[in-house]
**Q** 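I have a structure here, written as structure tokens, and I will follow up with some questions on it.
The residues of the chain are indexed from 1 along the displayed sequence. Everything numeric here is computed off the predicted structure, so don't read it as measured data.
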Amino acid sequence: MGTDVKIIVVGGVAGGASAAARARRLSEKSEIIIFERGEYVSFANCGLPYHIGGIIKKRKKLLIQTPESFKKRFNVDVKIKSEVMTIDRKNKTVKVKNIDTGEQYNESYDFLVLSPGAEPFRPPLKGIDNARVFTLRNMPDMDRIKKAASQTVYNNAVVIGGGYIGLEMAECLREINMDVTVVELDKQVMTPVDPEMAVPLQDHLQEKGVSLKLSDSVEKFIDNGDSLIVETSKGDKIKCDFAVLSVGVKPDIAFVKQADIAIGSRGGIKVDENMLTNDPCIFAVGDTVEVDDFVGGFKTLIPLAGPANRQGRIAADNIFGRKTQYKKTQGTAICKIFDLTVGMTGLNEKSLKRKNFDYEKIYLHNENHADYYPGATPMSMKVLFDRNNGKLLGAQVIGREGVDKRTDVLAVAIRAGLTVSDLQDLELTYAPPYGSAKDPVNYAGFIAGNYLSGDVRICHFDDIKNKNGNQIVLDVRTVREFEAGHIPDSLFIPLNELRERLNEIPRDKECLVICYQGLRAYIACRILSQNGFKCKDLSGGYKTYCWFDKIGK
């Protein structure tokens, strides 16, 4: 294929800008044009909430490339405030509208890369067009919210939606001392993790002064003069200076549909592994495309910057004959929520249930580094794996420090097709300030490996709640721990006394053994099983049990 083609890229930011820059690196002779509907071709959209909250002080830090810098470095012609209205596939042209002047004209292409992004979902609610109801997609949105936050009368804001952007906004608005209420339709915040793993996040948000209204939704917005009333489905009327709508995004592809470019079952542009649409000259990347889930194989929409950047590079490669393939998406993500961090990769338990996977799960609670070194903080992990062969399916990690490291290790393990047993053998960095000789990732391998090898059977919250007449709960914690809180009707024998008190345990009952985090219960199960008792270890211990108990499950 020649290197003197004409490439039009629709949309900048992550996918489009990456495609244009990669295309230039592969060809100095090609003509490359980016049409961007907004004022900014390449900006750090993930950083927008942090400028509102004053954490990123300088606005210009968010501007990655300008039309001038793109031209100077990459010789790419960037046309901002230029909206692509239609695509003429037969004649290989696009109709472009200059937003400032209203002028429309046609531009030809040899190859077209679509990266229009996703737009915030705006449900058809009464009053949603009120000037005090904001969404956050771009720099002008950020500027409007920042201005509103600096002019508050009541110092109160409502965030609708408890996902990534919603929780980041809640944190950043609290950073500038606003009272914040989060309204979330689901029974939990951060729905990519499972409900029990959201409990510590919800507790932390409330500790930081964020009011949570879960299993609730906004019915309407009411103009109240110098304020806004947000009325919820449960009848609450929240008076605030403004509201930020963050209930998800949808592909911004109306003009793509008009060109009969194939759309997938999830409403995104249908592409193959080369990011090619059903037109041999049109590629699509970023938030608008449907991709294959790496673990489950099903089609999904993943509006994340990392995949978008890789897809832009792949589209450019294929334009110039390099048959690079996009190798599916596993949804690896991370989010800072005040002092906590939550990371995730692969499928959560909710998805595994919907897709009828035969899976098992384990929980563990370790310190982020050696506990004898000052500053160690708790870290909780949930690891999901195939019950039959141990293949890793997903993981969720929550803590104050070291979450990114463990999430990334588990993401690579899933990508490599490792089993949970393989985690035992990973050689990870260790020094007391950074980790432990047995890293939490190794520990996950030990725990799951013990289950797969038959050394211990495990049980979960539902097993405790629904125990039958042939089962008892055996608590092996200390006296102080037991007195601070315990499961009703449980038999209490501290681990260090267990061998001497085996005669107190009925041999015709199966013991569901519990400690605080799981390790002592495992040791107890090894003692019991070798003395002829039937037993199961409650994975994650009393700490995880309390999380489930909070959500009433």
Side-chain angles (χ1 to χ4, degrees), residues 167 171 190 193-194 196-208 332-345 361-383 395-413 420 423-450 476-485 494-496 514-524 537-548 550:
L167 295 186
E171 175 184 356
M190 192 53 67
V193 302
D194 291 312
E196 76 279 12
M197 296 298 284
V199 167
L201 302 178
Q202 290 158 190
D203 289 346
H204 189 59
L205 283 161
Q206 291 172 319
E207 287 168 7
K208 292 295 185 177
T332 304
I334 196 164
C335 186
K336 176 185 178 295
I337 303 171
F338 293 99
D339 301 328
L340 285 183
T341 301
V342 55
M344 63 218 76
T345 186
K361 59 183 177 180
I362 58 158
Y363 299 90
L364 60 151
H365 307 282
N366 294 66
E367 306 298 306
N368 69 304
H369 61 62
D371 57 6
Y372 58 80
Y373 187 87
T377 57
M379 176 185 296
S380 299
M381 292 172 54
K382 178 178 184 177
V383 178
Q396 298 156 38
V397 189
I398 296 172
R400 292 174 180 261
E401 301 286 343
V403 171
D404 52 346
K405 171 183 174 179
R406 276 66 183 211
T407 304
D408 285 341
V409 169
L410 291 164
V412 172
V420 278
L423 301 181
Q424 303 175 63
D425 304 319
L426 295 184
E427 189 171 326
L428 305 174
T429 56
Y430 163 60
Y434 302 106
S436 302
K438 296 177 182 176
D439 190 87
V441 173
N442 297 131
Y443 254 112
F446 298 144
I447 295 168
N450 288 335
V476 297
R477 295 177 296 156
T478 64
V479 172
R480 180 177 294 180
E481 287 176 299
F482 185 80
E483 290 178 346
L495 176 61
N496 292 346
I514 181 171
C515 65
Y516 183 62
Q517 296 183 348
L519 177 59
R520 286 172 290 171
Y522 164 67
I523 296 170
D537 173 5
L538 176 65
S539 185
Y542 189 68
K543 183 173 184 176
T544 306
Y545 177 92
C546 289
W547 289 355
F548 275 104
K550 263 195 171 181

**Q** Test of understanding: with ring pair (Phe, Tyr, Trp, His ring centres under 6.0 Å), list the residues that count as partners of F338, not counting sequence neighbours.
**A** none
**Q** Taking side-chain hydrogen bond (donor to acceptor under 3.5 Å, both in side chains) as the test, write out the residues that go with Q424, two or more places apart.
**A** none
**Q** Mind checking salt bridge (Lys or Arg N to Asp or Glu O under 4.0 Å) for K208 and listing every partner two or more places apart, or none if nothing turns up?
**A** D339
**Q** Testing I398, N368, T341 for side-chain contact (heavy atoms from CB on, under 4.5 Å) with V403, which one passes?
**A** T341
**Q** Go through the structure and list residues passing side-chain hydrogen bond (donor to acceptor under 3.5 Å, both in side chains) with D194, not counting sequence neighbours.
**A**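 D194: side-chain hydrogen bond (donor to acceptor under 3.5 Å, both in side chains) contacts with K382, Q396.
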**Q** With A448, which residues qualify under side chain to side chain contact (heavy atoms under 4.5 Å, CB included), at least two apart?
**A**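 A448 satisfies side chain to side chain contact (heavy atoms under 4.5 Å, CB included) with I362, F385, V420 once adjacent residues are dropped.
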**Q** Taking side-chain hydrogen bond (donor to acceptor under 3.5 Å, both in side chains) as the test, write out the residues that go with D203, two or more places apart.
**A**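 side-chain hydrogen bond (donor to acceptor under 3.5 Å, both in side chains) check on D203 returns K550.
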**Q** Are E481 and Y542 linked by a side-chain donor-acceptor pair shorter than 3.5 Å?
**A**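 There is no such pair between these side chains.
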**Q** Just jot down the side-chain hydrogen bond (donor to acceptor under 3.5 Å, both in side chains) partners of D408, sequence neighbours excluded, or say none.
**A**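 Scan of D408 (side-chain hydrogen bond (donor to acceptor under 3.5 Å, both in side chains), adjacent residues dropped) gives none.
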**Q** Looking only at heavy atoms, which two atoms of Y430 and S436 are closest? And how far apart?
**A**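 Closest pair (atom of Y430, atom of S436, distance): CD1-C, 3.2 Å.
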**Q** Rounded to the nearest 0.5 Å, what separation is found between the CD1 atom of I514 and the OH atom of Y545?
**A**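 Answer for the CD1-OH pair, I514 versus Y545, is 7.5 Å.
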**Q** Looking only at heavy atoms, which two atoms of E196 and Y363 are closest? And how far apart?
**A** OE2-OH, 2.5 Å
**Q** As an exercise, state the distance from CG of L201 to CG of L167, rounded to the nearest 0.5 Å.
**A**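 Interatomic distance, L201 CG to L167 CG, rounded to 0.5 Å: 7.5 Å.
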**Q** Could you list the residues that satisfy ring pair (Phe, Tyr, Trp, His ring centres under 6.0 Å) with Y373, not counting sequence neighbours?
**A** H369
**Q** Residues two or more places apart in sequence or in another chain: which of them pass salt bridge (Lys or Arg N to Asp or Glu O under 4.0 Å) with E367?
**A**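 Counting only residues at least two positions away or on another chain, E367 forms no salt bridge (Lys or Arg N to Asp or Glu O under 4.0 Å).
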**Q** Rounded at 0.5 Å granularity, tell me how far CD in Q517 sits from OG in S380.
**A** 7.5 Å
**Q** Could you pull out the closest heavy-atom pair between A370 and A376, with the gap in Å?
**A** O-CB, 3.9 Å
**Q** Not counting sequence neighbours, which residues clear side chain to side chain contact (heavy atoms under 4.5 Å, CB included) with N442? List them please.
**A** L426, L428, D439, F446
**Q** Testing the basics here: between L340 and P200, what is the closest heavy-atom pair and its distance to 0.1 Å?
**A**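 In terms of heavy atoms, the two residues are closest at CD1-O, 3.7 Å.
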**Q** Roughly how far, to the nearest 0.5 Å, is the NZ atom of K336 from the CZ atom of R400?
**A**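 These two atoms lie 11.0 Å from each other.
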**Q** Could you state the interatomic distance from CD1 (I447) to CG (D537), rounded to the nearest 0.5 Å?
**A**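 If we round to the nearest 0.5 Å, I447:CD1 and D537:CG are 8.0 Å apart.
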**Q** Grab the two heavy atoms, one from K361 and one from S539, that are nearest each other, plus how far apart they are.
**A**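 Between these two residues, the closest heavy atoms are O-OG, 4.3 Å.
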**Q** Rounded to the nearest 0.5 Å, what separates atom OG1 in T332 from atom CG in L410?
**A** 9.5 Å
**Q** Quick check: do M381 and Y443 have side-chain heavy atoms less than 4.5 Å from each other?
**A**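 Of all side-chain heavy-atom pairs linking Y443 with M381, none is under 4.5 Å.
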**Q** When V441 is tested against each of L423, L364, T407 for side-chain contact (heavy atoms from CB on, under 4.5 Å), which residue passes?
**A**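 Exactly one pass, corresponding to L423.
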**Q** So, using salt bridge (Lys or Arg N to Asp or Glu O under 4.0 Å) as the criterion, who are the partners of K543 when residues are at least two apart?
**A**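 By the salt bridge (Lys or Arg N to Asp or Glu O under 4.0 Å) rule, K543 matches no residue at all.
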**Q** Nearest heavy-atom pair of V476 and C515: which atoms, and what distance?
**A**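 Heavy atoms only, the tightest pair is CG2-CB, 4.0 Å.
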**Q** What residues, two or more places apart in sequence or in another chain, satisfy ring pair (Phe, Tyr, Trp, His ring centres under 6.0 Å) together with H365?
**A** W547
**Q** Between I337 and V342, is there a side-chain heavy-atom distance shorter than 4.5 Å?
**A**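 Yes, close enough: below the 4.5 Å cut-off.
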**Q** Do T478 and R480 have side chains that approach each other closer than 4.5 Å (heavy atoms only, starting at C-beta)?
**A**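 Yes; the side chains approach each other to less than 4.5 Å.
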